[in-house]
Amino acid sequence: WILFLHNELGLSFTTIMALDAIYQAQIVLFEVPTGMLADRIGRKPVILLSIISMAISLFLFGIATSAVWVFASFFAWALSVASFNGTDSAFLYESLVAADRGQDFPRVLGRISTAGLAGSVIAMVLGGWLATFGYRVPILIHVALFPIAVVAALLMREPPRADKMVTPPREAIRALGSLLRRGIRFRTLIAFSASVHIVFFMVIVYKQPLLVQNGIQVEHLGWIYAASALVAAGGPLALTSLRLRYGTWPTLRMAAYGVGVMCLAIYVAPGLWLLLPLVFTEFLISGIRPVIIDGLNQLAGPRGRATVLS
């Protein structure tokens, strides 16, 4: 998408970063309200909202002709991401609890993350090939596939709530506020998550331009992204296994040291050698996310779980 915005729409990297900064700010604004909505009306309707918002976003993105269209697309995209964040984890945890498998949450979350990354391998290879016919082609084909996601969401069964009742918004906010005021571990996990996201964002934004600058053709990017995703797919399994063996904090410390070393390696690596630290950084960051979500979930109470996780 970076090459699409830069090469197709003629946007500068400064403009792209500014639009993305606004997009990230919108996610922050939408996160807690959409979590409260999920606690109020249920997980399934908010997941459906996320899917529909993403379809609208990608359609606008695929027909965009200026920064204004991209801004509108990013608005719907932010709503989609914020609606899904927290709601998906609460849905999974409560479904496992209903099946007397709550203790399996970190392991299952790691497997789901791995399956998603592994499944994206095929999409990346096809996307790279389809992009040779125009950057917009894979985007609009993606939109056409969204009815499948809608049907899948409609077939999901709403998990029973641990508290057996709808959580009032005021009470959900009170639970979140209590954690932020008194929960040093909760605040530390959020700060750690934000720090990791900064690194992830920079890797994602500059990966395509760096590869093209070093001689990789656009039609070959899909293969490189597929290989990266295949390696990164091992991250959630590896780090959730470490978490179950050593605990949350030792695992996050080891991962943080690894990410720091890889960032230095990206800076000094000559030519296409930078692929190695780029891929290993994605491996670590993809594994960190389920560990953080599990840590937050352990600290969250049954009331307002989606709000807290958001």
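Contact of the Ile288 side chain with the Val259 side chain is registered, since non-hydrogen atoms from C-beta on lie closer than 4.5 Å. Within the 4.5 Å cutoff, the side chain of Val231 has no heavy atoms near those of the Glu282 side chain. Residues Leu109 and Tyr93 form no side-chain contact, since every pair of their non-hydrogen atoms from C-beta on lies 4.5 Å or further apart. Side-chain contact between Ser241 and Arg107 is absent, with no heavy-atom pair separated by less than 4.5 Å. Side chains of Phe84 and Ile51 form no contact here, defined as non-hydrogen atoms less than 4.5 Å apart. With contacts defined as side-chain heavy-atom distances shorter than 4.5 Å, the pair Val196/Leu284 does not qualify. Taking 4.5 Å as the limit, every side-chain heavy atom of Phe61 sits out of range of all side-chain heavy atoms of Trp69. The shortest side-chain heavy-atom distance between Ile47 and Ser83 does not fall under the 4.5 Å cut-off.
Judged by distance alone, the side chain of Thr34 and the main-chain N or O of Glu31 form a donor-acceptor pair under 3.5 Å. A donor-acceptor pair is defined here as one N or O able to donate and one able to accept, closer than 3.5 Å; such a pair exists between the side chain of Thr281 and the backbone of Pro277. Between the Arg43 side chain and the Thr87 main chain, no donor and acceptor come within less than 3.5 Å of each other. Glu158 contributes a side-chain N or O that, together with a main-chain N or O of Lys44, makes up a donor-acceptor pair within less than 3.5 Å. Formation of a donor-acceptor pair under 3.5 Å by the Ser113 side chain with backbone atoms of Pro236 is not found in this model.
Enclosure of atom CZ in Phe146 by more than 12 non-hydrogen atoms of other residues, nucleotides or ligands within 6.0 angstrom is indicated. Residue Phe75 places its CZ atom among 12 or fewer non-hydrogen atoms of other residues, nucleotides or ligands, all under 6.0 Å distant. Other residues, nucleotides and ligands place no more than 12 heavy atoms under 6.0 Å from the OH atom of Tyr267.
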Full working for side chain to side chain donor-acceptor pair (under 3.5 Å) between Ser50 and Ser53: CA-CA 5 Å; Ser50 172; Ser53 298; over 6 Å; no
Verdict with reasoning, Phe74 to Phe71, per ring pair (Phe, Tyr, Trp, His ring centres under 6.0 Å): CA-CA 5 Å; Phe74 279 9; Phe71 175 83; 8.6 Å; no
Verdict with reasoning, Asp294 to Thr240, per side chain to side chain contact (heavy atoms under 4.5 Å, CB included): CA-CA 9 Å; Asp294 177 54; Thr240 50; over 6 Å; no
Stepwise side chain to side chain contact (heavy atoms under 4.5 Å, CB included) test for Leu58 and Trp77: CA-CA 8 Å; Leu58 286 176; Trp77 203 324; 4.2 Å; yes
